[in-house]
Amino acid sequence: MSVDRVEEVKEGREAEAAGGGVEAQAVTAALTYYPVAPGVRLNVRSGPATSYPIVKVLPEGTKVPIFCQTPGTSVSGPYGTTNIWDNIADGQFVSDAYVRTGSDGYIAPRCA
């Protein structure tokens, strides 16, 4: 499969309805989005610690992909206290204490 341009990935039945077919479903299945805690506007930082600059703020109701995870400063949030930070995009990290992954441990590979 080659990619000539970036397209918005639609989830599940939405992909089928949009004519995404099996290929779009395979891409969707490989990338899971996890919800940020309800009522939270989440700071996204340039590295895995509260000392890194904030690069943006995610609005309430956001779901994020987790490409890899890495240890960093310990943070307390709605989902406990943890030192795990989730890489949600290139140079963008959020504390796992604010993301509902269903686990207290790592759910993605460690960041290189």
Side-chain angles (χ1 to χ4, degrees):
M1 173 172 100
S2 67
V3 177
D4 296 323
R5 64 186 189 285
V6 176
E7 293 182 18
E8 180 182 348
V9 176
K10 299 185 186 300
E11 295 186 35
R13 295 198 187 282
E14 187 180 347
E16 283 182 72
V22 175
E23 192 171 310
Q25 290 175 19
V27 171
T28 300
L31 188 58
T32 302
Y33 284 77
Y34 300 90
V36 170
V40 171
R41 294 180 68 235
L42 187 58
N43 291 335
V44 178
R45 297 185 178 272
S46 62
T50 55
S51 59
Y52 282 90
I54 296 170
V55 295
K56 68 181 181 180
V57 178
L58 298 176
E60 293 181 27
T62 299
K63 291 183 178 182
V64 295
I66 298 175
F67 295 102
C68 63
Q69 294 176 300
T70 191
T73 57
S74 187
V75 173
S76 293
Y79 300 117
T81 300
T82 184
N83 72 336
I84 298 174
W85 285 74
D86 305 329
N87 174 248
I88 62 167
D90 190 31
Q92 297 182 19
F93 294 84
V94 296
S95 172
D96 196 60
Y98 288 89
V99 180
R100 191 178 79 211
T101 62
S103 174
D104 289 336
Y106 288 87
I107 55 97
R110 294 270 182 122
C111 300

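Computation of the quantities below employed the complete heavy-atom set of this structure, encompassing side-chain atoms and omitting hydrogens, waters and symmetry-equivalent molecules.
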Practice task
Write out all pairs satisfying side chain to side chain donor-acceptor pair (under 3.5 Å) with one or both partners inside residues 40-56, taking only residues at least two apart or from two chains.
Solution key: K56-Q92
Fill in the blank from the handout: For V75 and Y98, the nearest pair of non-hydrogen atoms, with its separation, is CG1-CE1, 3.8 Å
Fill in the blank from the handout: Between G80 and A97 the two heavy atoms that sit nearest each other are O-CB, 3.4 Å
Fill in the blank from the handout: Rounded to the nearest 0.5 Å, the OG atom of S95 sits from the CD1 atom of I84 at a distance of 9.0 Å
Exercise for the section: Measure the spacing between CD1 of I88 and CG of L42 and express it to the nearest 0.5 Å. Expected result: 7.5 Å
Exercise for the section: Quick one: closest heavy-atom pair of P65 and Y33, and the distance? Expected result: CD-CE2, 3.5 Å
Problem - Residue pairs fulfilling side chain to side chain donor-acceptor pair (under 3.5 Å) with at least one residue in residues 73-83, sequence neighbours excluded - result: S76-T81
Problem - ILVMFWY network linking V55 to V36, side-chain heavy atoms under 4.5 angstrom - result: yes
Problem - Close side-chain approach of T70 to F93, heavy-atom, < 4.5 Å - result: yes
Exercise answer: donor-acceptor pairs, residues 100-112 side-chain atoms, under 3.5 Å, sequence neighbours excluded:
from: T101; atom 1: OG1; to: S103; atom 2: N; distance (Å): 3.3
from: T101; atom 1: OG1; to: S103; atom 2: O; distance (Å): 3.1
from: S103; atom 1: OG; to: G105; atom 2: N; distance (Å): 2.9

Practice task
May I ask you to test the V94-V99 pair for a side-chain heavy-atom distance under 4.5 Å?
Solution key: yes
Practice task
Report the hydrophobic cluster partners of I54, with the cluster defined as I, L, V, M, F, W, Y residues connected by side-chain heavy atoms closer than 4.5 angstrom, directly or transitively.
Solution key: V57
